[in-house]
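All residue numbers refer to positions in the sequence shown, counting from 1.
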Amino acid sequence: QLQASGGGLVQAGESLRLSCAASGRTFSSYAVGWFRQAPGKEREFVAAINWNDGTTNYANSVKGRFTISRDTAKNTVYLQMNSLKPEDTAVYYCAARQGNTRVFSAGYNYWGQGTQVTVSS
């Protein structure tokens, strides 16, 4: 199971760090991604990381502002979100899949419950 946490209410320009922890398994040989879904919109890719080699990829909308990373000792993936904008408001989900990262949500088999991020202007 995946457990996402760290969401909250912040003002534009502020930062948040989301965490995604796995229970009952390690992330070894998995890719872990963050997706988000705003009200009335489709779920969209945010960022992903290959656990084994740390390679990452990002949506253009968050490049330079968000950083995905992993802590192998804690079996946890983080999404550091800086310079937040109101358009970043969404429920953020972490997901995992065996193999390399994918930008499509259908490529992920395991999903966390989501954490709400709200950015006020």
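- Looking only at side-chain heavy atoms (C-beta outward), Val77 and Phe27 come within less than 4.5 Å of each other.
- By the side-chain contact (heavy atoms from CB on, under 4.5 Å) test, Ala48 is found to be paired with Phe45, Asn57, Thr101, Tyr108, residues two or more places apart in sequence or in another chain being considered.
- Nearest heavy atom pair, residue Cys20 against residue Trp34, reads CB-CZ2, 3.5 Å.
- Under the 4.5 Å side-chain heavy-atom criterion for ILVMFWY residues, a single connected hydrophobic cluster contains both Leu79 and Val32.
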Problem - Verdict with reasoning, Trp51 to Asn75, per side chain to side chain contact (heavy atoms under 4.5 Å, CB included) - result: CA-CA 9 Å; Trp51 185 263; Asn75 203 38; 3.8 Å; yes
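- Remark: Cys94 SG to Arg36 CZ distance equals 15.5 Å, nearest 0.5 Å.
- Residues Val10 and Val117 share a hydrophobic cluster, clusters being chains of Ile/Leu/Val/Met/Phe/Trp/Tyr side chains in contact below 4.5 Å.
- Ring pair Trp111/Tyr93 is perpendicular by interplanar angle, where above 60° counts as perpendicular and below 30° as parallel.
- Residues Ala4 and Gln113 come closest through the heavy atom pair O-NE2, 2.7 Å.
- Between Asn52 and Ser28 the shortest side-chain heavy-atom distance falls below 4.5 Å.
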Problem - side chain to side chain contact (heavy atoms under 4.5 Å, CB included) between Leu18 and Met81, intermediate numbers included - result: CA-CA 8 Å; Leu18 305 184; Met81 305 186 295; 3.7 Å; yes
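- With hydrogens and angles disregarded, a donor-acceptor distance shorter than 3.5 Å links the side chain of Tyr58 to the backbone of Ile68.
- Crowding of Gln1 atom CD: a count of heavy atoms from other residues, nucleotides or ligands under 6.0 Å not exceeding 12.
- Geometrically, Arg70 does not engage Tyr78 in a cation-pi contact defined by less than 6.0 Å to the ring centre and at most 45° from the axis.
- The main-chain N or O of Thr55 is found under 3.5 Å from a side-chain atom of Asp53 such that the two form a donor-acceptor pair.
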Exercise for the section: Go through the steps for Val46 and Phe66 under the test side chain to side chain contact (heavy atoms under 4.5 Å, CB included), then give the verdict. Expected result: CA-CA 9 Å; Val46 176; Phe66 291 11; 3.7 Å; yes
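- Using a 4.5 Å heavy-atom threshold, the side chains of Leu16 and Glu14 count as separate.
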